[in-house]
Amino acid sequence: MPLQAPHPGPISPFIYNAAPGRVVFGQDMFAALRSEIERQGHRRALVLTGREQAARGRSLLADLAGGAVAVLSTATMHTPTVVTEHALKTVRATEADVLVAMGGGSAIGLSKALSLRTGLPQIVIPTTYAGSEMTPILGETEAGMKKTIRDFRVLPQTVIYDVALTATLSPMASVTSGMNAIAHAAEGLYARDANPITTLMALEGIRALVDGLPRVAKDPGDFAARSNALYGAWLCGAVLGAVGMAIHHKLCHTLGGSFDLPHAPTHSVVLPHAISYVAESHPGHLSEIASLFGSAGAGQGIYDFVASLGAPLALKDLGLPYEALDQVAALSVAQPYWNPRPVTAPDVRALLEDAWHGSRPRH
Ligand code: NAD
């Protein structure tokens with residue numbers, strides 16, 4: 001199938017799978033959750049969070065009063081199966097009839113993993129911009145390897161977006177998480193199964209984040225900017241849920257799953273280089289990104305944006321040893337994701353060299 005170029009012209013044939021989730025945007029989370037649980041007829045909610053958000057989980061549990069049975073705060077980055085197996089015991093012991101995940105991609109990942117194993121429905125309340133809530137994708141880690149599946153059984157039934165919950169996300173975590181969202185949309189533009197709907201969502205999502213993130217970085221209490229960023233993150237997450245990802249996500253999955261690099265900062269560092277790699281051979285598909293970032297080159301525009309917000313630019317600053325680069329390149333090309341520009345070990349090694357040093361990309 002031909003690539004869908006993000007500019008006017010004849011519409012190539014396409015298939016668009018709309019994900020059947022319900023989105024409640026911008027409302028008070030407590031009220032929205034009570035009403036969703038009542039609407040869906042649940043009586044025994046199990047609240048899931050990460051360790052740092054345990055107190056928020058307990059507030060939720062208290063607010064739901066008789067409607068919730070317990071809070072489990074063991075969610076961990078990259079969804080280790082050992083954590084999931086342990087959590088399953090709580091699901092069974094409490095006889096929960098719905099999972100309520102509050103947090104970033106880690107809490108939502110645990111919820112998806114439990115839903116896959118139990119068939120329980122999910123209501124999720126994202127507090128970062130990672131976008132997992134909108135996708136039928138689950139990445140799980142076992143024995144140092146991250147395996148990703150795409151299965152509509154893990155798609156949450158309801159997503160509640162409450163801007164107030166993101167106000168505690170630090171400026172730096174907001175920026176890197178926002179770059180994670182932008183990465184979904186950017187790769188969606190050149191996905192093999194891209195279509196006019198996902199292109200529309202991708203460009204609008206990036207536009208909203210390019211508008212919101214600098215203002216959030218300056219003033220984390222700016223709710224107007226936060227609502228733009230959250231709206232953008234939703235759209236970017238929907239793109240990730242609808243089309244396949246390419247070289248950028250493959251590199252980040254390798255760096256996160258096998259080298260334990262932090263998820264959002266890794267996306268932030270790698271994206272300018274991955275986009276530059278694709279822009280070198282397919283500049284037309286990324287020209288709108290270049291203009292959204294006000295630059296001649298798409299990768300360069302993203303790099304300058306990240307630099308202007310003070311986010312990390314180099315893999316060496318995330319703790320990746322230089323000696324690991326050969327292995328990252330080898331793992332990334334061993335089972336590559338489809339990519340518009342062929343992925344070869346020497347080319348990927350050169351990309352990684354630039355990303356490790358944090359040099360400005362060429363395109
Ligand atoms: P995270 O969920 O691990 O959260 C990062 C840190 O931020 C944690 O310490 C958390 O407690 C804290 N935090 C979260 N929200 C906060 C808030 N509002 N205020 C203060 N602190 C807050 O990070 P993430 O980047 O959202 O998610 C990363 C995970 O999600 C990875 O495992 C990644 O693979 C997965 N992911 C999956 C998909 C998918 O579609 N399956 C998409 C994106 C990310």
Side-chain angles (χ1 to χ4, degrees), residues 19 21 29 48-57 73-81 83-84 101-113 115-116 122 124-142 145-156 159 161-185 187-188 216 220-221 223 226 229-230 233-234 236-245 248-268 311:
M29 176 267 297
L48 305 167
T49 74
R51 195 161 45 86
E52 293 88 352
Q53 307 232 43
R56 267 185 171 167
S73 298
T74 56
T76 306
M77 183 125 8
H78 303 308
T79 323
T81 50
V83 173
T84 303
M102 181 171 56
S106 297
I108 297 166
L110 176 60
S111 175
K112 288 175 167 180
S115 179
L116 183 69
Q122 309 169 71
V124 306
I125 308 164
T127 62
T128 70
Y129 305 132
S132 176
E133 66 280 1
M134 292 308 296
T135 80
I137 302 169
L138 169 64
E140 297 184 281
T141 311
E142 191 165 353
M145 289 299 285
K146 187 158 183 173
K147 250 178 52 192
T148 301
I149 59 157
R150 207 175 250 274
D151 186 328
F152 271 96
R153 286 177 298 168
V154 306
L155 184 74
V159 181
Y161 287 105
D162 181 349
V163 177
L165 292 175
T166 61
T168 49
L169 198 59
S170 72
M172 194 43 62
S174 301
V175 169
T176 55
S177 184
M179 293 312 300
N180 184 188
I182 288 175
H184 308 326
E187 289 227 294
V216 169
F223 272 42
R226 287 256 184 220
L230 197 57
W234 162 23
C236 294
V239 174
L240 171 67
V243 299
M245 295 288 113
H248 169 78
H249 280 73
K250 180 67 192 185
L251 287 169
C252 292
H253 289 165
T254 305
L255 290 162
S258 302
F259 297 87
D260 212 23
L261 258 56
H263 183 79
T266 302
H267 273 273
S268 193

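All heavy atoms count here, side chains included; hydrogens, waters and symmetry mates do not. Note that ligands are numbered from 1 as they come in the structure, with each ligand's atoms numbered from 1 the same way.
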At less than 4.0 angstrom from any non-hydrogen atom of Lys112, what atoms of ligand 1 do you find?
39 (C), 40 (O), 41 (N)

Please check this pair: side chain of Lys112 against backbone of Leu155, looking for a donor-acceptor N/O pair closer than 3.5 Å.
no

Please state whether His267 comes within less than 4.0 angstrom of ligand 1, counting heavy atoms only.
no

Atom 43 (C) of ligand 1: nearest protein contact (heavy atom, Å):
Ala130 O, 3.3 Å

For ligand 1, is there an N or O atom under 3.5 Å from any N or O atom of Thr127?
yes

What atoms in ligand 1 come closer than 4.0 Å to a heavy atom of Thr135?
39 (C), 40 (O), 41 (N)

Could you list the atoms of ligand 1 found under 4.0 angstrom from a heavy atom of Met77?
3 (O), 32 (O)

Taking non-hydrogen atoms only, is Leu165 closer than 4.0 angstrom to ligand 1 via side chain, backbone, both or neither?
backbone

I need the atoms of ligand 1 closer than 4.0 Å to a non-hydrogen atom of Leu240, numbered in the order shown.
40 (O), 42 (C)

Single hit among His249, His248, Lys250 for side chain to side chain donor-acceptor pair (under 3.5 Å) with Glu187
His249

Just by distance, with hydrogens left out, do Ser73 and Thr49 show a side-chain donor and acceptor under 3.5 Å apart?
yes

Residue, atom and distance of the protein heavy atom nearest atom 41 (N) of ligand 1 read Ile137 O, 2.9 Å

CG of Leu48 to CD1 of Ile125, rounded to nearest 0.5 Å, is 10.5 Å

Below 3.5 Å, N or O to N or O, backbone or side chain included: is there any such pair between Asn180 and ligand 1?
no

Could you check whether any side-chain N or O of Thr141 sits under 3.5 Å from a backbone N or O of His78, counting only pairs where one atom can act as donor and the other as acceptor?
yes

OG/Ser268 to CG/Asn180 distance, rounded to the nearest 0.5 angstrom?
9.0 Å

Which protein non-hydrogen atom lies closest to atom 14 (C) of ligand 1, naming both residue and atom, and how far is it?
Gln53 NE2, 3.0 Å

Which protein heavy atom lies closest to atom 11 (O) of ligand 1, and at what distance to 0.1 Å?
Glu52 OE1, 3.3 Å

Is there a donor-acceptor pair closer than 3.5 Å between any side-chain N or O of Lys147 and the backbone N or O of Leu138?
no

Donor-acceptor contact present, side-chain Ser258 to main-chain Leu255, <3.5 Å:
no

Within 4.0 Å of some non-hydrogen atom of Gly104, the atoms of ligand 1 are 2 (O), 26 (O)

Could you name the option among Ala167, Gly105, Ala75 that has the heavy atom nearest to atom 23 (O) of ligand 1?
Gly105

Checking Arg150 side chain against Thr135 main chain: does a donor-acceptor pair fall under 3.5 Å?
no

Is atom 38 (C) of ligand 1 near the protein, in the sense that some protein heavy atom lies at less than 4.0 Å from it?
yes

Looking only at heavy atoms, is any part of His263 under 4.0 Å from ligand 1, and if so is it the side chain, the backbone, or both, or is it neither?
side chain

Nearest protein heavy-atom contact for atom 21 (N) of ligand 1: which residue, which atom, what distance?
Leu169 CD1, 4.1 Å

Mind checking the CD-CZ spacing from Gln122 to Arg153? Nearest 0.5 Å is all I need.
12.0 Å

State the atoms of ligand 1, each with its element, that fall below the 4.0 Å cut-off from a heavy-atom position in Arg56.
17 (C), 18 (N)

Side chains of Glu140 and Thr81: any donor to acceptor distance under 3.5 Å?
no

Main-chain N/O of Gly221 paired with Arg226 side-chain donor or acceptor, under 3.5 Å:
no

Residue, atom name and distance, where the atom is the protein heavy atom closest to atom 3 (O) of ligand 1:
Ser106 OG, 2.5 Å

Nearest non-hydrogen protein atom to atom 34 (O) of ligand 1, with distance, is Lys146 NZ, 2.5 Å

Any nitrogen or oxygen of Thr166 lying under 3.5 Å from a nitrogen or oxygen in ligand 1? Just yes or no.
no

Between Thr141, Val154, Thr128, Thr49, which one has a non-hydrogen atom sitting closest to atom 4 (O) of ligand 1?
Thr128

Under 3.5 Å, side chain of His184 to main-chain N/O of Ala130, donor-acceptor pair present?
yes

Test of understanding: given a 4.0 Å heavy-atom threshold, classify the contact between Glu140 and ligand 1 as side chain, backbone, both, or neither.
neither

Going by distance only, is there an N or O of Thr168 that falls short of 3.5 Å from an N or O of ligand 1?
yes

Does any N or O in the side chain of Ser170 come within less than 3.5 Å of the main-chain N or O of Ala173, such that one atom is a donor and the other an acceptor?
yes

Point-to-point distance, once rounded to the nearest 0.5 Å, from OG1 of Thr168 to CZ of Arg56
3.5 Å

Thr148 side chain to Gly139 main-chain N or O, any donor-acceptor pair under 3.5 Å?
no

If you scan protein heavy atoms around atom 32 (O) of ligand 1, the nearest is His78 N, 2.7 Å

Close-contact set for ligand 1 against Ser132 heavy atoms, below 4.0 Å:
37 (C), 38 (C), 39 (C), 40 (O), 41 (N), 42 (C)

Compute the shortest N/O to N/O distance between Gly139 and ligand 1 and return yes if it is under 3.5 Å, no if not.
no

